[in-house]
Amino acid sequence: MVRDGLFLVRIYGEKHNDHWALVSLDFGLAAQGKTVEEALSRLDEQIKEYIYDATVGEDKEFEKELLSRKTPLEFFVKYYWFNIKKTVTSHLKNKIACVQPFQLAA
């Protein structure tokens, strides 16, 4: 997604044993690292090179296809499920849901 000239890239990541695997949902790129920061740094470099090649580099003729390439649906489901869970759990501490009877004044 492009907003104000910036690419906003959705990223999903999982820890597997001793490393992190991150996936760019918008470009289908992936990177690994021992820490989230390391994996994100590697993915950041890949994304910058990918966008450069697609917009002004050697792959410019395929720009539309490359910039609309997506990762498999499985990662979108995981990304949105994680965000829904995160939103719900962060709000549970300060919310209440109950049924309370009130008598109307006659």
Side-chain angles (χ1 to χ4, degrees):
M1 168 182 0
V2 179
R3 187 179 297 157
D4 298 328
L6 296 173
F7 283 91
L8 301 177
V9 181
R10 294 168 289 187
I11 296 172
Y12 176 77
E14 292 181 352
K15 187 171 185 177
H16 299 280
N17 298 321
D18 64 341
H19 70 279
W20 281 88
L22 304 183
V23 177
S24 157
L25 292 137
D26 300 290
F27 300 121
L29 301 172
Q32 294 183 6
K34 289 193 181 271
T35 65
V36 172
E37 293 79 13
E38 181 182 8
L40 190 55
S41 176
R42 289 178 177 173
L43 186 58
D44 182 67
E45 284 302 313
Q46 283 185 33
I47 291 169
K48 287 176 183 174
E49 289 176 22
Y50 186 84
I51 292 171
Y52 177 83
D53 285 343
T55 57
V56 295
E58 60 189 48
D59 294 324
K60 184 165 177 37
E61 65 181 291
F62 306 107
E63 178 178 2
K64 183 178 178 183
E65 293 87 356
L66 291 171
L67 295 182
S68 63
R69 183 176 121 181
K70 303 286 185 227
T71 197
L73 179 61
E74 163 193 359
F75 292 102
F76 279 93
V77 171
K78 288 179 178 183
Y79 173 84
Y80 284 109
W81 177 246
F82 174 80
N83 280 314
I84 289 168
K85 282 182 13 182
K86 184 174 76 173
T87 300
V88 169
T89 57
S90 71
H91 286 45
L92 287 178
K93 295 175 187 169
N94 300 315
K95 302 291 181 191
I96 187 170
C98 66
V99 175
Q100 179 66 39
F102 288 93
Q103 185 173 358
L104 298 175

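Each residue takes its place number in the sequence, starting with 1.
Looking at every heavy atom in both residues, Ala39 comes nearest to Gly33 through CB-N, 3.6 Å. Here the shortest heavy-atom pairing between Thr89 and Lys86 reads OG1-O, 3.3 Å.
Under the 4.5 Å side-chain contact rule for hydrophobic residues, Val77 and Ile84 do not share a cluster. The cluster map of Ile, Leu, Val, Met, Phe, Trp and Tyr, joined by side-chain heavy atoms under 4.5 Å apart, puts Ile11 and Leu29 in the same cluster. The hydrophobic clustering, which links ILVMFWY residues whose side-chain heavy atoms are closer than 4.5 Å, places Leu8 and Tyr79 apart.
Side-chain contact check for Leu25 versus Lys70: every heavy-atom pair is 4.5 Å or farther apart. For the pair Ile47/Asp26, no side-chain contact is recorded, criterion being any heavy-atom separation below 4.5 Å from C-beta on. Looking only at side-chain heavy atoms (C-beta outward), Arg10 and Tyr12 stay at 4.5 Å or farther from each other.
Ring pair Tyr50/Phe27 is tilted by interplanar angle, where 30° to 60° counts as tilted.
Across Val36, Leu40, Thr35, a single residue satisfies side-chain contact (heavy atoms from CB on, under 4.5 Å) together with Glu38, and that is Thr35.
Put simply, the side chain of Arg42 gets close to the backbone of Gln32: a donor and an acceptor are under 3.5 Å apart. Between the side chain of Lys60 and the backbone N or O of Ala54 there is no donor-acceptor pair closer than 3.5 Å.
Distance check: Phe75 CZ to Leu22 CG gives 11.0 Å after rounding to the nearest 0.5 Å. Atoms NZ and CG, from Lys48 and Leu43 in turn, are 11.0 Å apart once rounded to the nearest 0.5 Å. Expressed to the nearest 0.5 Å, how far CG of Asp53 lies from CD of Glu63 amounts to 11.5 Å. If you take CG on Asp59 and CD on Glu61, they are separated by 7.5 Å, rounding to the nearest 0.5 Å.
Evaluation of the side-chain hydrogen bond (donor to acceptor under 3.5 Å, both in side chains) rule for Arg69 yields no partner, not counting sequence neighbours. Applying the side-chain hydrogen bond (donor to acceptor under 3.5 Å, both in side chains) test to Asn83 and every residue at least two apart in sequence or in another chain returns nothing.
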